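Values in this document were obtained by computation on a predicted structure and should not be read as measured data. Computed over heavy atoms, backbone and side chain alike; hydrogens, waters and symmetry mates excluded.
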Amino acid sequence: MIADRINAATRRVPSWTLYILSPLPALWWLWQGLTGGLGVEPIKALEHALGEFALQLLVVGLCITPLRRFAGVNLLRFRRAVGLIAFFYVLLHLLVWLVLDVQIPAQIWADIVKRPYITVGMAGFALLIPLALTSNNLSVRRLGGLRWRQLHRLTYAAVLLGALHFVMLAKGFQIEPLVYLIAVLGLLALRLPALDTMSRRRVRG
């Protein structure tokens, strides 16, 4: 089966390789910005690239459980790495906005309060902070498995807020942000008890 082949192949890949490879996209975009490859507004382009890549990683993280349940593809061992790398890119996205884009400390809070898409984005980032801080074995032992899993359900709200942030940020009608939002809503819907049970029955049938 294809799933068995994928599982056999991924078992040979240590999860730490994701951490080693994770800075490469950011370094590439930084190089592009320094050499004129990001267009006439390199800061905005860098900010957008980092934020969209972070959202893509968060969506990938949401896909891992459905892939195991419904397709038999087991990528659970990579979920923590994907989540932490996503947080890293959200943080980079935020730092570019703070340091290179806004630059004026007094303006930062005004933008957060007055611009809804920034408010939504900051709310999503705030939800990711406790998840990043507790994505380690020590936190699992201290919190206990049940409490740790309950805390990490904040991921669902954080990803949804990230997708909403992208939609609200877009100027005019754009397909791409809506595709992300629909994908996130669909992946979250698979976690609803009724839909989860129906999907499992169809797969088994």
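Summarising the geometry, atom CG belonging to L161 is positioned 6.0 Å from atom CG belonging to L127; distances are rounded to the nearest 0.5 Å. From L94, atom CG reaches atom CD of E47 across 9.0 Å, with rounding to the nearest 0.5 Å.
V60 and I182 sit in two unconnected hydrophobic clusters of ILVMFWY residues. Membership requires side-chain heavy atoms under 4.5 Å apart, directly or through other members. L187 and V167 end up in the same hydrophobic cluster when Ile, Leu, Val, Met, Phe, Trp and Tyr side chains are linked at under 4.5 Å. M168 and I175 fall within a single hydrophobic cluster, where Ile, Leu, Val, Met, Phe, Trp and Tyr are joined by side-chain heavy atoms under 4.5 Å apart, directly or via other members. The hydrophobic cluster containing V99 also contains I108, counting ILVMFWY residues as joined when their side-chain heavy atoms lie under 4.5 angstrom apart, directly or transitively. F88 is not connected to L21 by any chain of hydrophobic side-chain contacts under 4.5 Å among Ile, Leu, Val, Met, Phe, Trp and Tyr, and they are in different clusters.
Residues L185 and L160 have side chains in contact (heavy-atom distance under 4.5 Å, counting atoms from C-beta outward). Proximity of L131 to F87: side-chain heavy atoms (C-beta onward) are nowhere separated by under 4.5 Å. Side-chain contact check for N137 versus R80: some heavy-atom pair is nearer than 4.5 Å. Looking only at side-chain heavy atoms (C-beta outward), L133 and S139 stay at 4.5 Å or farther from each other. Looking at heavy atoms from C-beta onward, L75 lies out of side-chain contact with R68 at the 4.5 angstrom threshold. Inter-residue side-chain proximity for T119 and K114 is flagged as unmet; no heavy-atom pair is nearer than 4.5 Å. Two residues are said to be in side-chain contact when any heavy atoms from C-beta on lie closer than 4.5 Å; F70 and L190 meet this criterion. For the pair L58/L128, a side-chain contact is recorded, criterion being any heavy-atom separation below 4.5 Å from C-beta on.
When all heavy atoms are compared, the tightest approach of A81 to L18 is CB-CD1, 3.9 Å. When every heavy atom of V82 is checked against every heavy atom of G61, the shortest pair comes out as CG1-N, 4.0 Å. Taking both residues in full, the closest heavy atoms of V73 and A3 are given as CG2-CB, 4.0 Å, listed atom of the first, atom of the second, then distance. Heavy atoms only, all atoms of each residue included: L91 and F125 are closest at CD1-CZ, 3.9 Å.
Ring orientation note: the planes of Y180 and F166 are tilted relative to one another, at an angle of 30° to 60°.
Counting only distance, with no hydrogens or angles, the side chain of D4 and the backbone of I6 share no donor-acceptor pair below 3.5 Å. For the pair Y89 (side chain) and A26 (backbone), a donor-acceptor distance under 3.5 Å is present. Side-chain atoms of R191 come within 3.5 Å of backbone atoms of L62 as a donor-acceptor pair (strictly under, hydrogens ignored). A donor-acceptor contact shorter than 3.5 Å is absent between the side chain of E52 and the backbone of A49. With hydrogens and angles disregarded, a donor-acceptor distance shorter than 3.5 Å links the side chain of R77 to the backbone of V13.
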Run the numbers on D101 and V96 for side chain to side chain contact (heavy atoms under 4.5 Å, CB included), then give the verdict. CA-CA 6 Å; D101 191 353; V96 169; 5.6 Å; no
Verdict with reasoning, T65 to R79, per side chain to side chain donor-acceptor pair (under 3.5 Å): CA-CA 9 Å; T65 295; R79 184 163 58 184; 2.8 Å; yes
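R142 CZ: 12 or fewer foreign heavy atoms inside a 6.0 Å radius. In the displayed structure, I2 atom CD1 is contacted under 6.0 Å by at most 12 heavy atoms of other residues, nucleotides or ligands. By the neighbour-count criterion of 12 heavy atoms within 6.0 Å, atom CD of Q56 is densely surrounded, having more than that number from other residues, nucleotides or ligands.
Checked against the 6.0 Å centroid threshold, H93 and W97 do not count as a close aromatic pair.
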